[in-house]
There are 2 protein chains.
Amino acid sequence: MRQGCINILQVCRINIFDYFCTMMKRRNTATQEAVLAVLTSKRRAMSQDAIVKQMDVRADRATIYRILNRFCEDEIVHKIVADDGKQYFAVCIKCDEKTISNNHFHFRCTKCETIECLPTIVEFSAPQNYKVQQMNCVLVGVCKDCD
Amino acid sequence: MRQGCINILQVCRINIFDYFCTMMKRRNTATQEAVLAVLTSKRRAMSQDAIVKQMDVRADRATIYRILNRFCEDEIVHKIVADDGKQYFAVCIKCDEKTISNNHFHFRCTKCETIECLPTIVEFSAPQNYKVQQMNCVLVGVCKDCD
DNA sequence: TCATTAATGCGACAAGGTTGCATTAATATA
DNA sequence: TATATTAATGCAACCTTGTCGCATTAATGA
């Protein structure tokens, strides 16, 4: 399932999670639905503990991590490791098969402690004979809401 | 002590560590000297355990971290958090007071497991009213030596 | 309705990093 | 050179983040 699809689904008012379950042959569970609901509503990259705090269903830490990693495998979520060493997860847009899912900048606000996916694509020029397969770029500072 | 100075010192064959001790009013200890020696000789960003392995002097884990963080405060070393969540430290060049010490890309090679400071400066354009104070940009892939 | 097995909860664990505190030793001063 | 000061160190304990094994639960297909 391409992530660009998610936006189309939202516009068409199709339940993303149901669609995801059918497409990826995943079971429809309350916990998974809750995790995805939080991520899609917040539209930010969130850490496991931040996600749990926003959830109405209680669930084990290991379970949340398993769900998030599953979402990453299925490519409906991508993972960022911030400069605090923690993993953050975000539902993000990616329509082109060829692009790296993490090809944009992220912004971590030190005041509100959230991470945002910026629309800016990372332009890099690696030296000759270097093969770039992934990237993890985080800008750190204060976002417009906290300034 | 500005980091650009380090290169000048090397050219002039002045002992960097002695200079550092006088300038920053730090005590001259074998452990600190060893850590800096490893970092300057390898010219890569290294993790605490990688540094220890290369050292001829034995030292406690906590001590190494304290030394590295002190070097960061004194701005002769900068810290990168890679996508594996670990901290890496590198002696790097920075001549301009105004630039962010981490303003360049880093490359983590998944084969030789090292992190290199690339000469490429990160060009970013944060949205309006976002204040960027730090950055942490890591490209991941295979370096020229491992290809 | 039942069988299959994906998903979960629990507990244990590992790695990475930090902190408190007593001890050691580098430096400044007499 | 001897002494006082205190930065630097070692050790142990601790915290946080993330993972894994295994028994149990429950979603799905037949």
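Chain letters run A, B, ... following the sequence lines, proteins first and then strands; every chain starts at 1.
Within the 4.0 Å cut-off from OP1 or OP2 of dA8(D), not a single side-chain nitrogen or oxygen of Thr63(B) is found.
Atom-to-atom, CG of Asp84(B) to C1' of dA14(C) comes out at 15 Å; the value is rounded to the nearest Å. Between the CG atom of Leu68(B) and the C1' atom of dT9(D) there is a distance of 14 Å, rounded to whole Å. The separation between Ile67(A) atom CD1 and dT19(D) atom C1' is 15 Å, rounded to whole Å. Put simply, NZ on Lys25(A) is 10 Å from P on dG29(D), counting in whole angstrom units. Straight-line distance from the CD1 atom of Ile64(B) to the P atom of dA8(D): 14 Å, rounded to whole Å. In this structure, Glu33(A) atom CD and dA26(D) atom P are separated by 17 Å, rounded to whole Å. Distance CZ (Phe20(A)) to P (dA6(C)): 14 Å, rounded to an integer number of Å. Counting to the nearest Å, the C1' atom of dA8(D) and the CD atom of Gln32(B) are 7 Å from each other.
Side-chain contact between Thr31(A) and Met55(A) is present, with at least one heavy-atom pair separated by less than 4.5 Å. The shortest side-chain heavy-atom distance between Phe105(A) and Cys137(B) falls under the 4.5 Å cut-off. Between Asp84(A) and Val81(B) the shortest side-chain heavy-atom distance does not fall below 4.5 Å.
Once rounded to the nearest 0.5 Å, the distance linking SG of Cys117(A) with CG of Asn103(A) reads 10.0 Å. Atoms OG1 and CG, from Thr120(B) and Leu139(B) in turn, are 7.5 Å apart once rounded to the nearest 0.5 Å.
The backbone N or O of Lys79(B) sits nowhere less than 3.5 Å from a side-chain atom of Gln87(B) that would complete a donor-acceptor pair.
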Identify each atom pair where a protein N or O and an N or O of nucleotides 27-30 of chain C are less than 3.5 Å apart, giving names and distance.
residue : atom : partner  : partner atom : Å
dT27(C) : OP1  : Asn28(B) : N            : 2.8

Using a cut-off of under 3.5 Å, enumerate the N/O to N/O pairs linking the protein to nucleotides 16-19 of chain C.
residue : atom : partner  : partner atom : Å
dG16(C) : OP1  : Lys86(B) : NZ           : 3.3
dG17(C) : OP1  : Gln87(B) : N            : 2.5
dG17(C) : OP2  : Tyr65(B) : OH           : 2.2
dG17(C) : O5'  : Tyr65(B) : OH           : 3.2
dG17(C) : N7   : Arg61(B) : NH1          : 2.4
dG17(C) : O6   : Arg61(B) : NH2          : 3.1

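Ring geometry for His106(A) against His78(A) counts as tilted: the plane angle lies between 30° and 60°, on a 0 to 90° scale.
Across Ala45(A) and Ile80(A), no two heavy atoms sit closer than the pair CB-CD1, 3.6 Å.
Between Arg70(A) and Ala30(B), the one whose closest nucleotide on DNA chain C sits nearer the 5' end is Arg70(A).
Applying the ring pair (Phe, Tyr, Trp, His ring centres under 6.0 Å) test to pairs two or more places apart or on separate chains, those with a residue in residues 40-76 of chain B are Phe20(B)-Phe71(B).
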